[in-house]
There are 2 protein chains.
Amino acid sequence: MRSHGTDGGVAQAVLRRFNALRPLSEEDAAALEHAILEGLLRAGPGEDLIAEGDPVDSVRLVLSGWLFRHKTLEDGRRQIVNFILPGETCDSHAYLLSSIDHSITTATPVAYAEIKRARFEQLMAANSTLAEAFMCETLLNSAIQREWIVNLGRRAAFERVAHLFCEIFERLRPVGLVDGNSCALPVTQTDLADATGLSVVHLNRTIQELRACGLIVLKDRTLTIGDLEALKNAAMYSPGYLRLYQAK
Amino acid sequence: MRSHGTDGGVAQAVLRRFNALRPLSEEDAAALEHAILEGLLRAGPGEDLIAEGDPVDSVRLVLSGWLFRHKTLEDGRRQIVNFILPGETCDSHAYLLSSIDHSITTATPVAYAEIKRARFEQLMAANSTLAEAFMCETLLNSAIQREWIVNLGRRAAFERVAHLFCEIFERLRPVGLVDGNSCALPVTQTDLADATGLSVVHLNRTIQELRACGLIVLKDRTLTIGDLEALKNAAMYSPGYLRLYQAK
DNA sequence: TGCTGCCATTAGCTTATGTTAAAGCGGACG
DNA sequence: CGTCCGCTTTAACATAAGCTAATGGCAGCA
């Protein structure tokens, strides 16, 4: 699964992730990379890629940058429902339901690839390994959402934020975006609050607390985790749901 | 889409639901019903059909009765992550991830059909309409989970419980399990608390409040909704995510 | 150089929700 | 017929988290 010319081509994160979901042959990887290179696009930070109710007619793969899925109530309360990280898919298969039930917004500058529905279906029909990998991508997204439900429903603020940090760290690792015990966390505390169902003020208090316990350092949009095991304990984090063992 | 002999065969709920997801031809419906009749099973109330970490090697369709998906933290806190209602699927495609990340338990006596993976894949390969319908089933489950995240993260107890009741009512309607403005709600208040992320005590308080407002009657495991519009307003319920307009 | 605006932080106070415990209530069953 | 048990309900009290508002830091920009 090397990319064409230099290694670390634009599709690197996607290829790493998909290869972890289903081992890809040279041909599988080439087919995927080819489809990606046909539809390269960029977006600035804070752009809506798609909004609740919009029709869907393509599948998008994130090559670099962060996005989030979110829904907003009539009165403005917003809930971030998941982050979308490099290598992940925006709306795999979503076109089957015609329109989308949530919005997707970029948190940072983003490079992504758009594959039109017809092209995507052709690719799936021609390559069953890729089809399975995309299916896994959808199922994994669903598993992450379930864990978020548990997080919001049953964990206290401290555990909840700790859990989110563990998850992000573990999701960034397999695509090579973890550096030692640090990773980027390019979102505001308001975003983190909307992801954890807390108020900004209380989220901030909670982060202070995590700092005071020596569990994390968060500065300049970089998260550093001193002791990952300790953080996982604090979060009651149990990693099975990400199915990382399948990787490699 | 009539069932074989008498109408209202065991597969009725499933057929209604799938027909709403994708219009089924006579042959589609017959193929699905046939697969169902091959694997009929029953379970009593309070039985675990599958538990977190178990291997998955089949797909199950609920013919009658309620179940719920749930996860439990080390210290016993439990979160119900979704209800599974008649006509719905337990673990569509889940075998692709080998093991499951949550448990599924029956709330009532349940009749269901088990389709083994090989049989299921053969059915999907032979019938693309059914394959799409199953795919929609998976996507819809994911959309419901997203709405639950919003519910837990951003709605206050009163709105939250109201929302759950609206959703259940609207999910039961298309499979014919709503009678006027009433439907069954065959779960304990402890279950409802675990679904809404509240304590049992506060859930009970909240239900009293909903009663006092004349929004609901809940008695003998039956939910009656006086004024559905009023309840939806109280819940800030916006129905798009269930994609019911596709029905019929 | 001094605005302006976004983001993080802190303080003081309010309130929704949790906790513990006990009491009522009806059904199953010996 | 009485007892047990699971479920609901109520009460009294404790606390985590929300809200409003002000402050500080920093970067971009006129």
Side-chain angles (χ1 to χ4, degrees), chain A residues 44-46 66 73 75-80 105 107-108 151-165 184-213 216-223 234-235, chain B residues 44-46 66 68 73 75-80 105-109 151-164 184-213 216-223 234-235:
Chain A
W66 282 43
L73 300 183
D75 65 354
R77 279 175 284 176
R78 181 183 73 150
Q79 178 68 38
I80 290 179
T105 302
T108 66
N151 212 24
L152 291 168
R154 287 299 180 220
R155 270 185 269 253
F158 187 83
E159 308 164 303
R160 208 185 289 179
V161 176
H163 191 279
L164 178 62
F165 288 164
L185 194 81
V187 294
T188 65
Q189 294 197 3
T190 303
D191 295 330
L192 291 174
D194 284 347
T196 49
L198 300 169
S199 66
V200 206
V201 172
H202 198 63
L203 176 96
N204 183 270
R205 281 196 281 253
T206 307
I207 286 189
Q208 306 299 337
E209 238 188 300
L210 283 162
R211 283 196 186 114
C213 295
I216 64 155
V217 179
L218 180 53
K219 199 168 152 28
D220 299 330
R221 306 275 146 111
T222 298
L223 172 69
Chain B
W66 283 41
F68 46 82
L73 300 183
D75 65 355
R77 280 175 283 176
R78 181 183 73 152
Q79 177 67 39
I80 290 178
T105 302
T106 58
T108 67
N151 212 24
L152 292 168
R154 287 300 180 220
R155 271 185 268 252
F158 187 82
E159 308 164 303
R160 207 185 290 179
V161 177
H163 191 278
L164 178 63
L185 192 81
V187 294
T188 66
Q189 294 197 3
T190 302
D191 295 330
L192 292 174
D194 284 347
T196 49
L198 300 169
S199 65
V200 205
V201 172
H202 197 64
L203 177 97
N204 182 270
R205 281 196 282 250
T206 306
I207 286 187
Q208 306 299 336
E209 238 187 300
L210 284 162
R211 283 195 187 114
C213 295
I216 64 156
V217 179
L218 179 54
K219 200 167 149 32
D220 299 331
R221 304 276 146 110
T222 298
L223 171 69

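Letters A, B, ... are given to chains in the order of the sequence lines, protein chains preceding strands, and every chain is numbered from 1. Every value quoted in this text rests on a predicted model; they were computed, and no experiment measured them.
Here the side chain of B:R154 pairs a donor or acceptor atom with the backbone of A:L198 at under 3.5 angstrom. Counting only distance, with no hydrogens or angles, the side chain of A:T188 and the backbone of A:D191 share a donor-acceptor pair below 3.5 Å. No donor-acceptor pair under 3.5 Å is formed between the side chain of B:E159 and the backbone N or O of B:A234.
Residue A:G197 is classed as a sugar-phosphate contact, given heavy-atom separations below 4.0 Å to backbone atoms only. Using a 4.0 Å heavy-atom distance criterion, B:R160 is classed as making no nucleic acid contact. Across all strands shown, A:L198 has heavy atoms under 4.0 Å from sugar-phosphate atoms exclusively, and none from any base. Within the 4.0 angstrom heavy-atom criterion, no nucleotide atom of any strand lies near B:R77.
Residues B:W66 and B:A184 share a closest heavy-atom pair of CZ2-O, 3.5 Å. Closest approach of A:R77 to B:R155, counting heavy atoms only: NH1-CA, 3.9 Å.
Residue A:R155 has no polar side-chain atom (N or O) positioned under 4.0 Å from OP1 or OP2 of D:dA16.
A heavy-atom distance below 4.0 Å to DNA chain C is reached by these residues of residues 186-196 of chain A, ordered by number: A:T188, A:Q189.
Take the nearest nucleotide of DNA chain C for B:T206 and for B:V201: the residue whose nucleotide is more 5' is B:T206.
For A:R205 and D:dA16, the CZ to C1' distance is 9 Å, given to the nearest whole Å. Atom NE2 in B:H202 sits roughly 14 Å away from atom P in D:dT10 (whole-Å rounding). Atom CD1 in B:I207 sits roughly 8 Å away from atom P in D:dT8 (whole-Å rounding).
Nucleotides of DNA chain C with any atom under 4.0 Å from a heavy atom of chain A span, from 5' to 3', C:dC7 to C:dG12.
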